[in-house]
Amino acid sequence: MSRILLLNGPNLNLLGTRQPEIYGADTLPQIEARCAERAAGLGFDLTARQSNHEGALVDAIHDARSDCAGIVLNAGAYTHTSIALRDAIASVALPTVEVHLSNIHARERFRHRSHIAPVAIGQISGFGPLGYLLALDALAAHIEGATG
Ligand code: DHK
């Protein structure tokens with residue numbers, strides 16, 4: 001079975017207690033479990049990883065080359081700052097869907113720019129944890145379309 005990497009960046013390990021008025025009440029393990037179920041329904045295995053460290057996220061993206069058909073990425077604040085993550089996505093050339101729990105375009109100006117968006121196949125922002133499931137649906141459809 002093909003595999004998808006679900007990769008979450010800094011501070012997303014604190015979901016559930018972190019600013020719930022912005023990021024919701026669900027914990028990351030709960031979101032990951034729902035994503036694993038959704039992926040299985042779509043015919044994919046899921047690897048879920050989280051790191052607060054930019055280099056570890058780059059390494060996870062590189063590792064995905066060996067066994068993943070695509071990536072769902074919430075890079076957290078690195079979305080707005082990290083050319084290294086953008087280059088990693090471009091380098092592995094795996095279809096990547098960018099996800100944000102909050103609507104980054106309705107928030108502070110510094111969150112409006114994403115370095116990931118130009119190398120992603122699309123961006124889902126503002127739908128809370130549902131966004132991860134929408135991203136899996138979109139990625140699976142893309143992969144199936146790409147492979148025929
Ligand atoms: C998560 C973060 O940690 C922020 O730094 C981003 C994103 C938004 C989210 O909405 O999931 O700006």
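Note that the coordinates shown come from a computational prediction; the quantities given were computed from them, not determined experimentally. Counting convention: from 1, in listed order, for ligands and their atoms alike.
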Heavy atoms only: which of Y78, Y23, Y132, F110 is nearest to atom 1 (C) of ligand 1? Y23

How many angstroms lie between CD in E144 and CG in L139, if you round to the nearest 0.5 Å? 9.5 Å

Supply the atom-to-atom distance Q50 CD to L15 CG, rounded to the nearest 0.5 angstrom. 8.5 Å

Those atoms of ligand 1 less than 4.0 Å from some heavy atom in [X]:
| X | answer |
| --- | --- |
| H80 | 6 (C), 12 (O) |
| I104 | 8 (C) |
| R18 | 2 (C), 3 (O) |
| S102 | 8 (C), 9 (C), 10 (O) |

Do [X] and [Y] come close enough that some side-chain heavy atom pair is under 4.5 Å?
| X | Y | result |
| --- | --- | --- |
| L136 | L46 | yes |
| I124 | H100 | no |
| Y132 | D137 | no |

Give the residue, atom name and distance (to 0.1 Å) of the protein heavy atom nearest atom 9 (C) of ligand 1. L101 N, 3.4 Å

At what distance is the nearest protein heavy atom to atom 7 (C) of ligand 1, and which residue and atom is it? H100 ND1, 3.7 Å

Does any N or O atom in N11 lie less than 3.5 angstrom from one in ligand 1, N or O only? no

Ligand 1 to L12 polar contact by distance, N or O atoms, under 3.5 Å: no

Is R111 salt-bridged to E108, cutoff N-O under 4.0 Å? yes

Looking only at heavy atoms of N74, does any of them come nearer than 4.0 Å to an atom of ligand 1? yes

Are E98 and S114 close enough that a side-chain donor and a side-chain acceptor fall under 3.5 Å? yes

